[in-house]
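Here is the structure we will look at, set down as structure tokens.
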Amino acid sequence: LYQAGTANSDSVRNPKYTAGNPANGIERFPYSGLTTGNAALKPEKADSWNIGAVFTPRFVPGFTMSVDYFRIDLKDAIDTITAQEIVNRCDEGRLDYCAAITEDPTRTIPATGGLPKVPYWIIRNQPFNFAKKLVRGIDFDAAYRLPVGGESAITLKGTATRYIENVSDTGIPGVTPVNTVGANGGQFSTPTWIFRGSLNYETPRFSGTVTGRGVSAGKYLANAIECASNCPASTLQFPTYDNNRVSGLFYVDLNLSHKVKLGGTETQFFFNVTNLFDRAPLLLPETGLAANSTYSDLLGRQFRAGFRFKL
């Protein structure tokens, strides 16, 4: 409701733009975005249920696995959408979205010499109550611990989520709800798979862990149509692209630690490397950040070392 603001600058597509018709304005409008809370939000209501099973076979000591199916059906769901979606929904007649857009007269370029006006917008990217939202998926969790002589052990762990459906229905007549599962573009994307696994070797004094984490490859936009020829007319809801595919991500992290006695005090030295192989972020064909910051590592390889001790 009362989130502190953050800002960004970019451009949005003019929903009324028509090539060769300056009366409808230019193709893209510059804007400054301000992410804030929304005091007009209403409480959301959810009906959710899940069913799962845990598998611990006697013939494989140390192994356990669980599978859980979940379904969440939200009404008046609260979510944040992109600046482009706010503009699109204002154009569709939603006054609550239009109220999030104002024009900055100091940065607007007036029409001159036959050139159309270039408005500069201030767009408040705030959460709204959608008509309803449905999310379905399956969670997987598995672990295996293998003792290795004495008090040492090797542990394998893995978790993954397979999204099946993520649909937001705005309730606007003529707007078709789209399942966004499998779309990796934007900051509010829903990859088909999100996964994480680790291999750990541990002794009473030493511990080493290698972790792999990432998301599956997918589309740039869930509602986009990919085509190179004989394309249908590009619309706001179903734009056309010659390439609507983006890559997945896989990062590797390394964590090492060792315990020693210093002056009678147990001290642990640690060394961590995040994004061990310096994997690039998931790049997107956009201005501004041009990367998916939700699942990407934007800082590259990072090192961290230190020690902990007990008083």
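- With hydrogens and angles ignored, the 3.5 Å screen pairs no side-chain donor or acceptor of Asp104 with any backbone N or O of Tyr31.
- Two residues are said to be in side-chain contact when any heavy atoms from C-beta on lie closer than 4.5 Å; Val12 and Trp121 meet this criterion.
- Counting only distance, with no hydrogens or angles, the side chain of Tyr201 and the backbone of Thr209 share no donor-acceptor pair below 3.5 Å.
- Remark: Asn292 CG to Leu249 CG distance equals 7.5 Å, nearest 0.5 Å.
- The local environment of NZ in Lys219 is sparse, with at most 12 non-hydrogen atoms from other residues, nucleotides or ligands closer than 6.0 Å.
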Practice problem: Please lay out, stage by stage, how Ile26 and Asn14 fare under the test side-chain contact (heavy atoms from CB on, under 4.5 Å). | Solution: CA-CA 7 Å; Ile26 60 175; Asn14 176 9; 5.6 Å; no
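- When side chains are defined from C-beta on, Gln302 counts as touching Asp297, because their heavy atoms get closer than 4.5 Å.
- Note that CD of Glu202 is 7.5 Å distant from OG of Ser257, once rounded to the nearest 0.5 Å.
- Counting only distance, with no hydrogens or angles, the side chain of Thr211 and the backbone of Asp253 share no donor-acceptor pair below 3.5 Å.
- Looking only at distances, no side-chain donor or acceptor of Asp242 sits under 3.5 Å from a matching main-chain atom of Glu226.
- Summarising the geometry of Pro30 relative to Val118, their closest heavy-atom pair is CD-CG1, 4.0 Å, with the distance given to 0.1 Å.
- Taking hydrophobic clusters as Ile, Leu, Val, Met, Phe, Trp and Tyr residues chained together by side-chain heavy-atom distances below 4.5 Å, Val167 does not share a cluster with Leu74.
- Using a 4.5 Å cut-off on side-chain heavy atoms (C-beta onward), Leu221 and Asn244 make contact.
- Side-chain contact check for Lys133 and Asn166: at least one donor-acceptor pair (N or O, by modelled atom type) lies under 3.5 Å.
- Ring geometry, His258 versus Phe206: the interplanar angle falls from 30° to 60°, so the pair is classed tilted.
- Nearest heavy atoms, Ser247 versus Leu282: O-CD1, 3.3 Å.
- Taking each heavy atom of Gly182 and Thr192 in turn, the nearest pair found is CA-OG1, 3.2 Å.
- A 6.0 Å sphere centred on CD1 of Ile51 holds no more than 12 heavy atoms belonging to other residues, nucleotides or ligands.
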Practice problem: Take Thr102 and Arg124 through the test side-chain contact (heavy atoms from CB on, under 4.5 Å) and record every step on the way to the result. | Solution: CA-CA 9 Å; Thr102 56; Arg124 294 186 303 281; 4.1 Å; yes
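- If you chain together hydrophobic residues whose side chains sit under 4.5 Å apart, Val67 and Ile194 never meet in one group.
- Ala291 and Leu284 make their closest contact through C-CD1, 4.0 Å (heavy atoms, listed as atom of the first residue, atom of the second, distance).
- Linking ILVMFWY residues whenever their side-chain heavy atoms come closer than 4.5 Å, directly or via other members, leaves Leu299 and Val215 in distinct clusters.
- Between Asn129 and Leu41 there is a side-chain heavy-atom pair separated by less than 4.5 Å.
- The closest donor-acceptor contact from the side chain of Asn179 to the backbone of Ile164 lies under 3.5 Å.
- Counting only N and O atoms by type, the side chains of Arg136 and Tyr69 include a donor and acceptor under 3.5 Å apart.
- Put simply, the side chain of Arg28 gets close to the backbone of Ser11: a donor and an acceptor are under 3.5 Å apart.
- For the atom pair CZ (Arg213) and CZ (Phe250), the distance works out to 9.5 Å, reported to the nearest 0.5 Å.
- Of the charged side-chain nitrogens involved, at least one lies within less than 4.0 Å of a carboxylate oxygen, so that Lys16 and Asp91 count as a salt-bridged pair.
- Here Tyr241 and Tyr220 bring their ring centres to under 6.0 angstrom of each other.
- Between the side chains of Gln84 and Asn88, a donor-acceptor pair is found at a separation under 3.5 Å.
- Under a 3.5 Å cut-off, the side chain of Thr108 and the backbone N or O of Tyr120 do form a donor-acceptor pair.
- Here the two rings, on Phe70 and Trp49, have centers that are 6.0 Å apart or farther.
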Practice problem: Would you check, one step at a time, whether the test side-chain contact (heavy atoms from CB on, under 4.5 Å) holds for Thr64 with Tyr144? | Solution: CA-CA 7 Å; Thr64 181; Tyr144 176 59; over 6 Å; no
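- Contact check for Glu44 versus Lys132: no side-chain heavy atoms found under the 4.5 Å cut-off.
- Under the 4.5 Å side-chain contact rule for hydrophobic residues, Val181 and Val178 do not share a cluster.
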Exercise. Could you give me the CA-CA distance, side-chain angles and deciding distance for Asp139 and Thr159, then say whether side-chain hydrogen bond (donor to acceptor under 3.5 Å, both in side chains) is met?
Key: CA-CA 7 Å; Asp139 288 330; Thr159 60; over 6 Å; no
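- When all heavy atoms of Gly52 and Asp68 are compared, the closest pair comes out as CA-OD1, 3.5 Å.
- Not one N or O on the side chain of Ser296 forms a donor-acceptor pair closer than 3.5 Å with the backbone of Leu298.
- Two different hydrophobic clusters hold Val135 and Phe140 under the rule that ILVMFWY side chains link at heavy-atom gaps under 4.5 Å.
- One finds the OG atom of Ser216 at 6.0 Å from the CG atom of Asn184 (value rounded to the nearest 0.5 Å).
- Looking only at side-chain heavy atoms (C-beta outward), Ile122 and Arg107 come within less than 4.5 Å of each other.
- Residues Ser293 and Pro281 are not in side-chain contact: their nearest non-hydrogen atoms beyond the backbone lie 4.5 Å or more apart.
- Under a 3.5 Å cut-off, the side chain of Arg145 and the backbone N or O of Gly62 do not form any donor-acceptor pair.
- Heavy-atom minimum distance, Phe63 versus Ala142: CE1-CB, 4.5 Å.
- Of the possible donor and acceptor atoms, none in the side chain of Asp141 sits under 3.5 Å from a partner among the backbone N and O of Ser66.
- No side-chain heavy atom of Ile225 sits under 4.5 Å from any side-chain heavy atom of Pro239.
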Contacts under 3.5 angstrom, residues 263-276 side chains, donor-acceptor by atom type, not counting sequence neighbours:
from: Gln268; atom 1: OE1; to: Arg308; atom 2: NH1; distance (Å): 2.6
from: Asn275; atom 1: OD1; to: Asp278; atom 2: N; distance (Å): 3.3
from: Asn275; atom 1: OD1; to: Arg279; atom 2: N; distance (Å): 2.7
from: Asn275; atom 1: ND2; to: Arg279; atom 2: O; distance (Å): 3.0

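- Summarising the geometry, atom CD1 belonging to Ile86 is positioned 10.5 Å from atom SG belonging to Cys98; distances are rounded to the nearest 0.5 Å.
- How far CZ of Phe29 is from NZ of Lys117: 9.0 Å, rounded to the nearest 0.5 Å.
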